[in-house]
S.K.: 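I have a structure I would like to understand better, so I am pasting it below and will then ask my questions one at a time.
FYI, side chains are in, hydrogens and waters are out, and symmetry mates aren't considered; it's all heavy atoms of this structure. Model, not experiment: these values are computed from the prediction. All chains are named by letter (A, B, ...) in the order of the sequence lines, taking the proteins before the strands, and each is independently numbered beginning at 1.
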Protein chains: 2
Amino acid sequence: MSTRSRILRLSRYKNAAIRLKSLNFVKVFSDNLGDATGVTASQVRKDFSIFGISGNRRGGYQVDELLVQLNKVLGKDKPQKFIVVGVGNLGRALINYPGFGKSEIRIVAGFDIDPAKYNRKADAPILPIDELAGFAKANEVELAIIAVPDFAAQGVFEKLIKAGIKGVLNFAPIRLKSDDNVTVHNLNLETEFENLIYFVNTKTSPTE
Amino acid sequence: MSTRSRILRLSRYKNAAIRLKSLNFVKVFSDNLGDATGVTASQVRKDFSIFGISGNRRGGYQVDELLVQLNKVLGKDKPQKFIVVGVGNLGRALINYPGFGKSEIRIVAGFDIDPAKYNRKADAPILPIDELAGFAKANEVELAIIAVPDFAAQGVFEKLIKAGIKGVLNFAPIRLKSDDNVTVHNLNLETEFENLIYFVNTKTSPTE
DNA sequence: TTTATTTTGTGATTTTATTCACGAAAAAAC
DNA sequence: GTTTTTTCGTGAATAAAATCACAAAATAAA
């Protein structure tokens, strides 16, 4: 019913609604949201109907109310605390990512094994990985990002489970062996690049 | 036939095969690859069959040959040059991302409007955005990454089209209006975070 | 050899996702 | 107040994707 791709679309509708609101839209139609996100109007309405999000016949959806409802479904009605494990290139970028500023996503700490990276004074402190479990429990953090190399990922993941983490966004290119109490989503940048390469190459070459 | 998610799976099979090879596997079975990537064995075989990748009945797939074939399908048999527009947090992380090191993905330059970021001496130089078209043509770059804020993304995209770019990986949270000669793939980090939040929250709360 | 076992490759089937199409509600026009 | 127009909400129809299931090939065992 509520699949991964359906929820991804809800996020996009939300982003589109935010943009339209900033353009002073008071109401939006399923057709507008479809245009802004690249799906059909009936897909938008079907997605909404599955989550009980309703508008007004002929009147569309009130933007403000729509945003409240979408944020509620997406769990953005309250702050969501994340920790990042692996303060390399990508980890650091996520910790400092300004795009989360307006959103309810809060990155509250980073963890690494390299003492050169520790920084207890920062807004989001960088701490030794041994302190992970203590920190997570003390601060009631349930969400984590794995941004370590592939060979370290499974070990980190097991530490996260012990620390009571319930959801993991994994940037390492391996499938993590998980017990069922932890939700794992994988996101691999190389894979995304390869995907683009494939579609560009096959469009260009007339031999396929 | 060859959809986005099918190609994403091929990339994962390739990553799994690389890992199994490093464990001295000489041949792999569809079952192995399924385990390593979280799909069924018959999905693996169906995906392969669509791209004419074949193995040996009872003998599985020779890892080396499989990698050659997967890399060929994925366009990884030759270097793929990318430029990055927007040298903020994320752009910088991508430029320095070590995960691309072994792969054929090459990030050859970054572009920004902020003179403080320019650096012509670096391995992947950071240049003013006005030089984008010239650079892309001189270096035969056809692939680009948009890592600028949402309000700047459409403008950057139009510059990329004029520069002859054929494929764009867009990290800005908007849908780019594209002519059909350019392939655009969107990847939004906030959206990925929200997706995880949703599934963690709905698993935890017994009300759904 | 012959028989048993394993694993691929793929058509048939099932499941899931998307689109269609139209009645119902609400507003606007007449 | 009646008609027309617009847009939602959703069951029905279609399309797409994943799984099943089994014949065929290849190897190993007897």
S.K.: Grab the two heavy atoms, one from B/Arg12 and one from B/Thr37, that are nearest each other, plus how far apart they are.
M.R.: O-CG2, 3.6 Å
S.K.: With the criterion being N/O to N/O and under 3.5 Å, what pairs connect the protein with nucleotides 12-17 of chain D, and how long is each?
M.R.:
none

S.K.: Can you classify the ring geometry of A/Phe199 versus B/His185 as parallel (below 30°), tilted (30 to 60°) or perpendicular (above 60°)?
M.R.: tilted
S.K.: Round to the nearest Å and state the distance from A/Asp47 atom CG to C/dT18 atom P.
M.R.: 8 Å
S.K.: Kindly write out the residues that satisfy salt bridge (charged side-chain N to carboxylate O under 4.0 Å, His left out) with B/Asp64, not counting sequence neighbours, or none if the list is empty.
M.R.: B/Lys21
S.K.: Whole angstrom is fine here: how far is it from CG in B/Leu8 over to P in D/dA18?
M.R.: 11 Å
S.K.: Measuring to OP1 and OP2 of D/dT19, would you say a side-chain N or O of B/Ser42 lies under 4.0 angstrom away?
M.R.: no
S.K.: Please tell me whether B/Tyr198 and A/Ser2 have a donor and an acceptor in their side chains that are separated by less than 3.5 angstrom.
M.R.: yes
S.K.: Could you state the CG-C1' distance from A/Asp31 to C/dC20, rounded to the nearest angstrom?
M.R.: 15 Å
S.K.: Expressed in angstrom and rounded to an integer, what is the separation of B/Leu66 atom CG from C/dG9 atom P?
M.R.: 11 Å
S.K.: Consider only side-chain N and O atoms of B/Arg175 and B/Asn186, and report whether a donor and an acceptor are under 3.5 Å apart.
M.R.: no
S.K.: Any ring-ring contact (aromatic ring centres under 6.0 Å, His included) involving residues 77-105 of chain A? Give me the pairs, sequence neighbours left out, ordered by first then second residue.
M.R.: A/Phe82-B/Phe193, A/Tyr97-A/Phe100, A/Phe100-B/Phe193
S.K.: What do you reckon, is CD1 of A/Ile50 surrounded by more than 12 foreign heavy atoms closer than 6.0 Å?
M.R.: yes
S.K.: Over its full length, what angle do the end axes of the helix from C/dT1-D/dA30 to C/dC30-D/dG1 make, each axis taken from five pairs and the result rounded to 10 degrees?
M.R.: 0°
S.K.: Within this structure, what is the CZ-to-C1' distance between B/Phe29 and D/dT27, rounded to whole angstrom?
M.R.: 11 Å
S.K.: Over all heavy atoms of both residues, which pair between B/Leu66 and B/Ala17 is shortest? Give the atoms and the distance, please.
M.R.: CD2-CB, 4.4 Å
S.K.: So what does A/Tyr61 touch, heavy atoms closer than 4.0 Å: a base, only the sugar-phosphate, or nothing?
M.R.: sugar-phosphate
S.K.: Strictly below 4.0 Å: does A/Ser49 bring a side-chain N or O up to OP1 or OP2 of D/dG9?
M.R.: no
S.K.: List the protein contact pattern of nucleotides 22-30 of chain C with one symbol per nucleotide (5' to 3'): B for base contact, S for sugar-phosphate-only contact, - for none; contact means a heavy-atom distance under 4.0 Å.
M.R.: -BBBBBS--
S.K.: What integer distance in Å separates B/Ile50:CD1 from C/dG11:P?
M.R.: 11 Å
S.K.: Count the heavy atoms of every other residue, nucleotide or ligand shown that sit under 6.0 Å from CD1 of B/Ile113, and state whether that count exceeds 12.
M.R.: no
S.K.: Using whole Å, what does the distance between atom P of nucleotide D/dT27 and atom CD of B/Gln62 come to?
M.R.: 10 Å
S.K.: Hey, could you give me each pair passing ring-ring contact (aromatic ring centres under 6.0 Å, His included) that has a residue in residues 133-176 of chain A? Not counting sequence neighbours.
M.R.: A/Phe111-A/Phe135
S.K.: State plainly whether the residues B/Lys72 and B/Asp77 are in salt-bridge range, i.e. N to O under 4.0 Å.
M.R.: no
